[in-house]
Each structure stands twice: as C-alpha cells, then as structure tokens.
Amino acid sequence: MSQARPAKGTRDFAAADVMRRRHVVGVLQRVFERYGFAPLETPSFENLDTLMGKYGEEGDRLIFKILRSGDFMKSVADPSQPKASELTDKALRYDLTVPFARYVAQNAGQLAMPFRRYQIQPVWRADNPQKGRFREFYQCDADVVGTSSLWQEVELVAMYHHAFAELGLDVAVRVNHRGLLAGIAEVAGLGDRLIDFTVALDKLDKIGPDGVRAEWRERGFTDAQCAALEPALQPMGDLNATLDRMAAWLSASEVGSAAVEELRWLVARASATGRLELDVTLARGLNYYTGCIFEVQALGVAMGSVGGGGRYDNLTGIFGVPGLSGVGISFGLDRIVLCLEELGLLPDLASGPQAMVFQFSEAESDFAFQVAEALRAAGIRTVLYPEPAKIKKQFDYADKIGAGYAVMAGASEQAEQCVQIKNLRTGDQARVALADLASFSW
RNA sequence: GUGAUUGUAGCUCAGCUGGUUAGAGCGCCGGAUUGUGGUUCCGGAGGUCGCGGGUUCGAACCCCGUCUUUCACCCCA
C-alpha cells in the first residue's frame with residue numbers, strides 16, 4: 001500500500017464525483033441568482049484577528065492557523081513557551097459569513113444597501129473527521145445585509161424550500177429565535193446564563209428531557225430555575241399552539257415577546273413555500289446570531305444538518321461599521337451530496353468523451369488526428385488514442401474511459417473520405433462521410 | 001481536545017494458541033488473435049504486512065509510540 005494519501009479529513013474527487021457535485025452546485029447557484037444574489041469570492045485565509053472570537057471558544061479552537069512567514073522564531077521572546085500570536089497571524093477561513101462581514105465593512109461606502117451576495121467556497125475546520133464531517137468542506141451561502149426586514153427571512157426560507165425541492169431531497173426546515181431563548185432565560189431568572197441554558201437544551205433530541213434536566217443541574221441551576229425552564233422541554237406540537245403557549249409563558253419578557261411575534265409573522269408567510277417547523281430547542285453554536293435561526297435536517301437519512309443560518313444584528317460592528325443587520329443561510333454541499341448518494345437521488349452523470357478515434361499504424365496516424373480535430377471542431381468531446389496498438393487494447397480503453405463511440409479512421413477510410421463509427425453500447429456500426437461528421441447523432 | 005476502532009497486492013478481503021518460501025477473487029500485463037473488443041484458454045508481474053521502536057530463538061499476529069480510517073463525545077455543514 002502506498003503511503004500517498006490526502007491529508008486527514010480531506011478527499012480527492014474523481015470525475016464522477018466532480019460531476020455530481022457540480023450538479024448540486026448548479027442547482028444552488030441558479031436558486032441564488034433567481035433571488036437576485038450576486039456572487040462573491042474571498043481569499044481562503046484571513047488575518048487571524050478577523051476570525052478569532054467570532055465562533056465561540058469551541059470555534060476558536062477549530063480554526064486552522066497558518067505559521068508566520070520568514071524567520072519568525074528569532075522574534076519569539078521565550079522559545080520554550082512561545083505565544084500563539086508570535087507563531088501565527090493568519091488562518092484559513094472557518095466559514096463564509098465572517099469573511100463576508102469583513103468584506104461588507106471594508107466596502108460599506110460603495111455597496112448598494114441592502115447588499116445581497118452568494119458565495120460557494122471551501123472552508124476549513126481542525127475538527128476530528130467522522131460521518132459527514134470533514135476538515136475541508138464546501139459551504140454555499142446567501143446573505144443579505146443592510147435591512148432588518150423579516151421579508152428577508154421569508155425569502156431565505158423559500159430558497160431552502162425551492163433548492164431542496166429541486167434536488168429532490170426531503171427536508172425539515174426548523175426555525176427558532178435567539179430572542180425567544182433569551183426570553184426563556186430571563187423569565188427563569190437565568191439572564192446571565194443563556195449559553196449554559198441553550199447548550200444543554202440543544203441536546204434534547206439526543207439525551208432526552210431527563211438528560212437536559214441533569215445537565216442543567218450539573219451546570220449549577222437551582223431547582224426553582226430548572227422548574228421554571230420546564231415548559232421548554234414540552235413537545236412542540238402544532239406550530240401556532242406552541243407560539244400561543246410561548247407568548248403566554250414569556251409575556252413578562254420584552255425580548256421574548258418580541259421574538260414570539262416575529263416568529264408568528266415569519267411562520268405565517270414562510271409556511272407557504274414548504275414545511276417549516278418551530279423548535280425552541282434549536283440553539284446553534286455560532287456566537288454572532290441574534291434573531292431568527294434556521295437549521296435544515298435531511299429526512300430519511302442519518303446525517304447532521306445539511307444547512308443552517310440566521311440573523312446577526314451587528315456582525316460588521318466588530319469591523320468598525322455598526323448598525324448593519326444581516327441575515328443569511330448556508331447549504332452544506334458535502335453533506336447534501338452524501339444524502340443524495342445514500343438515497344440514490346443523483347442522476348448518473350456521464351463524464352466520458354463522446355468519441356475515441358483509433359490508430360492502426362504510423363502511416364495512418366495523420367489521418368486519424370485529422371478526423372479527431374474535425375470532430376472537435378464539430379463540438380464532439382473526442383479522445384485520439386495516442387499510438388497504434390492492438391485493437392482489443394484500444395476497445396478496452398474506450399470502454400474504460402466511458403467513450404460512446406469508436407471511430408475508425410485508417411487508410412481505407414481515408415481513400416473514401418469517410419470513417420467507421422461504432423456505437424460501443426449497441427455494437428451498431430455505420431459508415432459516415434467526413435462532411436457529415438457534425439450531423440451524426442452522437 | 002476526549003474515548004473507542006481500522007490498516008495485509010491496484011481493489012475487496014483470508015491468514016490458526018506467534019513458527020520456516022504471506023494467500024484468494026477481481027483487476028493489470030503478455031500470448032492464443034499485427035483493422036472490429038467485451039466469452040474462453042494459457043502464461044506473467046505485483047506485497048517495506050501503515051510507519052518507528054520493543055519483547056522473542058522466531059512477529060502480519062504480542063507490547064509501546066505515531067500516522068491513518070471509521071464511530072461516539074464536544075461542536076458543527
């Protein structure tokens with residue numbers, strides 16, 4: 001076994017993989033553009049301080065850092081105990097949202113607000129790989145900044161619905177609101193423990209209500225506080241009934257009540273384009289979310305979320321441009337492809353050439369090349385076998401690369417200015433004049 | 001970062017309580033068959049047993065480390 005292999009958590013994509021991924025990207029790109037989003041690409045790495053502190057403690061740990069260039073060790077004060085900042089000042093991007101916010105802050109004066117962009121690029125995380133989890137993977141993001149209108153949320157949910165419908169993947173789009181979580185914490189007297197409260201609540205589907213209660217107690221919540229949080233553990237049930245229940249429960253909290261009303265407004269409109277579920281246990285880790293949050297779960301296949309997003313009220317504020325509210329969604333390309341593969345929903349996309357021109361002898365090679373060029377001029381994807389070889393070998397190769405037709409162009413064909421074209425699937429063979437190559441039904 | 005798990009030919013895998021030249025199927029190469037294959041037959045090549053140490057008369061097999069795979073936790077797409 002060769003030791004040559006891609007780095008941990010990364011993969012190569014062979015022709016068939018690339019075709020499948022392009023198919024999915026094509027669908028997403030068309031949906032993005034149909035909703036008026038323009039493309040943006042940003043560098044694969046950013047200054048470290050652009051990324052640090054935006055994703056929470058756990059996120060910071062997973063950022064791939066790049067070693068400083070040059071002889072940086074000589075400026076390290078204590079080589080036995082170097083500080084991180086002495087070794088690294090750049091990092092691979094962890095997501096597309098923060099680089100986007102950096103871009104918006106930098107160009108705020110020139111951009112027409114609200115500004116909407118989509119971005120399809122790889123991101124990197126120093127995570128331990130497992131199912132559907134890689135260290136290099138693609139995110140496909142659409143964001144709008146410069147408006148706090150809830151219609152943006154409605155349109156983004158619609159984009160989720162349309163994109164997944166077009167891909168044929170059954171999904172549940174779940175929605176929640178950071179303000180609702182803050183409201184719950186507030187009425188339970190846990191306003192300062194929002195993170196502890198939500199991190200545990202987020203695990204409800206995994207560890208069950210007893211598990212969540214236990215974790216709350218572990219995190220030092222009092223019995224009274226735990227009791228006050230009980231309504232959050234009740235099954236969601238009907239969407240509007242749940243909203244009514246939340247409204248009554250959180251009436252004492254201003255943020256909580258406002259969040260419930262926003263959700264009510266959103267749900268009334270976004271449910272028109274597809275299924276939308278309210279899930280008060282949905283927390284999402286990314287620190288910067290402040291309003292509605294989304295997560296997309298593929299149905300019928302065990303896989304982490306295939307998409308997520310939400311509203312962030314002041315992400316550009318960190319970069320010196322305050323007062324810009326933004327909202328965005330992300331599609332996880334790699335997981336979507338895995339789901340589609342597992343469910344057999346991907347068309348078999350041929351990537352092979354349409355024709356392969358055979359070579360019979362050195363003396364006939366010039367004509368074979370001529371024919372190959374004529375085919376290419378006609379727009380036919382054509383491979384010229386590189387040397388005269390046994391016919392069996394050439395047929396085997398043609399099959400292996402997935403060629404549709406074998407083209408025989410030797411001395412006898414040249415004499416009559418024609419070629420023999422053999423369909424490699426059916427075995428049918430036809431004699432076609434050189435002048436008719438373009439009109440042949442390839 | 002934590003805890004398990006995996007690694008033998010190009011691929012999928014055998015390989016006994018450690019024992020002598022590590023096997024199979026498929027694939028590959030050559031021939032039967034120097035312009036019409038995918039069948040068949042014959043022959044052949046190909047392995048630092050992930051890597052590095054250690055134990056032993058002797059290690060693919062036992063021990064330690066390391067890398068990698070898969071999975072769970074954490075977190076997330």
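Order of the sequence lines fixes the chain letters, A, B, ..., with proteins taken first and strands second; residue numbering starts at 1 for each chain.
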Can you tell me which nucleotide in B/U36, B/U2, B/C74 comes closest to the side chain of A/F395? B/U36
Distance between the P atoms of B/U39 and B/C28, in whole angstroms? 10 Å
Contact class for A/G309 (heavy atom, under 4.0 Å): base, sugar-phosphate, or nothing? nothing
Give A/L333 one of three labels, base, sugar-phosphate or nothing, depending on what nucleic acid heavy atoms sit under 4.0 Å from its own. nothing
Indicate, with a heavy-atom threshold strictly under 4.0 Å, whether A/V123 touches base, sugar-phosphate, or nothing. nothing
Quote, to the nearest angstrom, the P distance that separates B/C73 from B/U12. 27 Å
Given RNA chain B, 5'-ward residue of the pair A/K203 and A/V296, judged by closest heavy atom: A/K203
Rounded C1' spacing from B/G47 to B/G27 in Å: 16 Å
Of all the choices, B/C76, B/A32, B/G35, which nucleotide is nearest to the side chain of A/E364 once you look at every atom? B/G35
Under 4.0 Å: is that the gap between some side-chain N or O of A/K206 and OP1 or OP2 of B/C73? yes
Would you call the rings of A/F164 and A/F331 parallel, tilted or perpendicular if under 30° counts as parallel and over 60° as perpendicular? tilted
Closest to the A/F134 side chain, choosing from B/A77, B/U36, B/G31: B/A77
Between A/E153 and A/R269, is there a side-chain N and carboxylate O pair less than 4.0 Å apart? no
Taking any heavy-atom pair under 4.0 Å as a contact, classify A/S412: base, sugar-phosphate, or nothing. base
Nearest-neighbour nucleotide for the A/I391 side chain, B/A32, B/U36, B/A77 considered: B/U36
Quick one: is A/K400 getting a side-chain N or O under 4.0 Å of the B/C28 phosphate, OP1 or OP2? yes
Quick one: which of B/C75, B/G1, B/U36 gets closest to the side chain of A/N128? B/G1
Of the nucleotides B/C74, B/U36, B/U68, which one has an atom closest to the side chain of A/K8? B/U68
Using the C1' atom on both, measure B/A77 against B/U68 and round to a whole Å. 23 Å
Base, sugar-phosphate alone, or nothing: which one does A/K392 contact when heavy atoms must sit under 4.0 Å apart? sugar-phosphate
A side-chain contact here means heavy atoms from C-beta on lying under 4.5 Å apart; do A/V306 and A/C339 qualify? yes
Checking A/R93 against A/F45: charged group under 6.0 Å from the ring centre and within 45 degrees of the axis? no
Students often get this wrong, so: under 4.0 angstrom with heavy atoms, is A/G304 touching a base, only sugar-phosphate, or nothing? nothing
For nucleotides B/C51 and B/C67, find the distance between their P atoms and express it as a whole number of Å. 16 Å
Any idea how A/Y312 and A/Y288 line up, ring-wise: parallel (<30°), tilted (30 to 60°), or perpendicular (>60°)? perpendicular
Taking any heavy-atom pair under 4.0 Å as a contact, classify A/G132: base, sugar-phosphate, or nothing. base
Say you pick atom P in B/C11 and the same atom in B/U70; how far apart are they, in whole Å? 16 Å
Hey, are A/R11 and A/D17 close enough for a salt bridge, meaning a charged N less than 4.0 Å from a carboxylate O? no
Looking at A/E413 and B/G35, is any side-chain donor or acceptor paired with a base atom of the opposite kind under 3.5 Å? yes
How far does the P atom of B/A14 sit from the matching atom of B/G30, given to the nearest Å? 32 Å
Here's a test of your reading of the structure: between A/A389 and A/V199, which maps to the more 5' nucleotide of RNA chain B? A/A389
Side chain of A/P129 only, please: which of B/G35, B/C75, B/U69 is the nearest? B/U69
Sugar-phosphate, base or nothing in reach of A/Q359, heavy atoms under 4.0 Å: nothing
Is there, by distance only and without an angle test, a donor paired with an acceptor across the side chain of A/Q429 and the base of B/U36 below 3.5 Å? yes
Taking OP1 and OP2 of B/C71, is either one under 4.0 Å from a side-chain nitrogen or oxygen of A/Q130? no
Distance criterion of 3.5 Å, no angle test: do you see the side chain of A/R133 paired donor-to-acceptor with the base of B/C75? yes
Does any nucleotide pair with B/C26 by Watson-Crick or G-U wobble geometry, both distances under 3.5 Å, and what is it? B/G10
Determine, for A/R213 against A/E218, whether the closest basic-nitrogen to carboxylate-oxygen distance falls under 4.0 angstrom. no
Classify A/A411 by what it touches in the nucleic acid, base, sugar-phosphate, or nothing, heavy-atom distance under 4.0 Å. base
